[in-house]
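Before any comments, here is the structure.
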Amino acid sequence: MNEETLHTKEVDAFILDQIDTVPHLEALLLLWNNRPKQWTVEEMANALYVSSGVARNILQGLTRRGLLARHGVPELYRYESGKRDGLVQAIDAAYRRNLIRISRMIHSKAAPGIREFAQAFRFTKDRE
């Protein structure tokens, strides 16, 4: 297995596990590519062409997953640097090369609420 195949599997696994919609991915990549800039909800809404409420939900969701950090009043969001930097860089490159494939992969996933419900019933070897 070559390095590109490994990266593709890691990228796909991350997207399937952590990204709910294409706007979630695009928000993450906007923050990644413009780090250390901090974004307001309104700036993100304008960049993604969504309402402020949708942008706030996206940013809060990414923050709950530990991908973003929130600071101050008004709310300011920035990419949370750390152990995932290399993976996010690979995701950014993959999205640029394979926009349609990755977008289709995200759209083909079940809705977030359905996935959360299903995860509640997931058993691991530790529980057995």
Side-chain angles (χ1 to χ4, degrees):
M1 185 179 318
N2 66 29
E3 188 173 328
E4 187 171 329
T5 303
L6 180 62
H7 276 295
T8 299
K9 287 184 178 188
E10 289 175 316
V11 165
D12 288 358
F14 177 87
I15 290 170
L16 289 170
D17 290 342
Q18 301 293 323
I19 302 298
D20 292 333
T21 66
V22 170
H24 280 82
L25 178 58
E26 291 182 350
L28 175 63
L29 296 178
L30 275 169
L31 287 153
W32 161 260
N33 284 306
N34 291 285
R35 65 191 182 283
K37 179 186 182 328
Q38 297 186 89
W39 292 65
T40 65
V41 169
E42 291 74 25
E43 288 172 324
M44 187 58 64
N46 290 334
L48 295 177
Y49 302 101
V50 298
S51 70
S52 293
V54 170
R56 177 173 282 106
N57 288 339
I58 289 169
L59 293 168
Q60 288 174 345
L62 293 171
T63 301
R64 278 191 301 275
R65 290 189 169 112
L67 300 168
L68 306 181
R70 187 182 91 168
H71 302 281
V73 175
E75 299 169 359
L76 294 171
Y77 293 86
R78 67 173 169 76
Y79 172 77
E80 182 72 348
S81 293
K83 61 184 178 184
R84 292 186 180 140
D85 289 355
L87 179 58
V88 175
Q89 184 175 7
I91 292 165
D92 184 46
Y95 191 56
R96 291 172 193 267
R97 283 191 318 269
N98 300 302
L99 174 78
I100 294 171
R101 183 186 74 78
I102 291 173
S103 295
R104 285 183 178 159
M105 181 175 56
I106 293 169
H107 289 299
S108 70
K109 295 181 353 173
I114 294 170
R115 285 198 320 274
E116 288 175 16
F117 180 77
Q119 286 175 346
F121 292 97
R122 224 182 247 176
F123 295 100
T124 63
K125 287 186 177 188
D126 295 341
R127 291 184 186 164
E128 293 175 358

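Leu28 is listed as a side-chain neighbour of Leu68, based on a closest heavy-atom distance under 4.5 Å. Side-chain contact between Glu26 and Val50 is absent, with no heavy atoms from C-beta onward closer than 4.5 Å.
Interatomic distance, Asp20 CG to Leu25 CG, rounded to the nearest 0.5 Å: 11.0 Å. Note that CG of Asp92 is 4.0 Å distant from CG of Asn33, once rounded to the nearest 0.5 Å. Annotation: the span from Ile15 atom CD1 to Glu10 atom CD amounts to 12.0 Å, rounded to 0.5 Å.
Criterion: ILVMFWY side-chain heavy atoms under 4.5 Å apart, direct or through other members. Under it, Trp32 and Leu76 are not part of a common hydrophobic cluster.
With salt bridges taken as basic N to acidic carboxylate O contacts below 4.0 Å, none links Arg65 and Asp17.
If you run side-chain contact (heavy atoms from CB on, under 4.5 Å) between Tyr77 and each of Thr63, Ile58, Thr40, only Thr63 comes through. Each of Ile19, Leu29, Asp12 was checked for a side-chain contact (heavy atoms from CB on, under 4.5 Å) with Ile91, and the lone residue meeting it is Leu29.
Under a cut-off of 6.0 angstrom, the local environment of CZ in Arg104 is sparse, with at most 12 non-hydrogen atoms contributed by other residues, nucleotides or ligands.
The shortest non-hydrogen separation linking His71 to Ala69 is NE2-CB, 3.6 Å. The two residues Ser52 and Val41 have their closest heavy-atom pair at O-CG1, 3.3 Å. Contact between Leu62 and His24 at its shortest, heavy atoms only, is CD1-O, 3.6 Å.
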Residue pair Leu30, Leu48: steps toward the side chain to side chain contact (heavy atoms under 4.5 Å, CB included) verdict: CA-CA 9 Å; Leu30 275 169; Leu48 295 177; 4.0 Å; yes
Check against side chain to side chain contact (heavy atoms under 4.5 Å, CB included), Tyr95 and Val22: CA-CA 10 Å; Tyr95 191 56; Val22 170; 3.4 Å; yes
Verdict with supporting geometry, Leu67 and Phe14, side chain to side chain contact (heavy atoms under 4.5 Å, CB included): CA-CA 12 Å; Leu67 300 168; Phe14 177 87; 3.8 Å; yes
Side chain to side chain contact (heavy atoms under 4.5 Å, CB included) evaluation trace for Tyr79 with Asn34: CA-CA 9 Å; Tyr79 172 77; Asn34 291 285; over 6 Å; no
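Scored by the side-chain contact (heavy atoms from CB on, under 4.5 Å) test, Arg64 finds Gln60 as partners (sequence neighbours excluded).
For residues 28-53, every residue pair satisfying the salt bridge (charged side-chain N to carboxylate O under 4.0 Å, His left out) rule, not counting sequence neighbours, is listed here: Lys37-Glu43.
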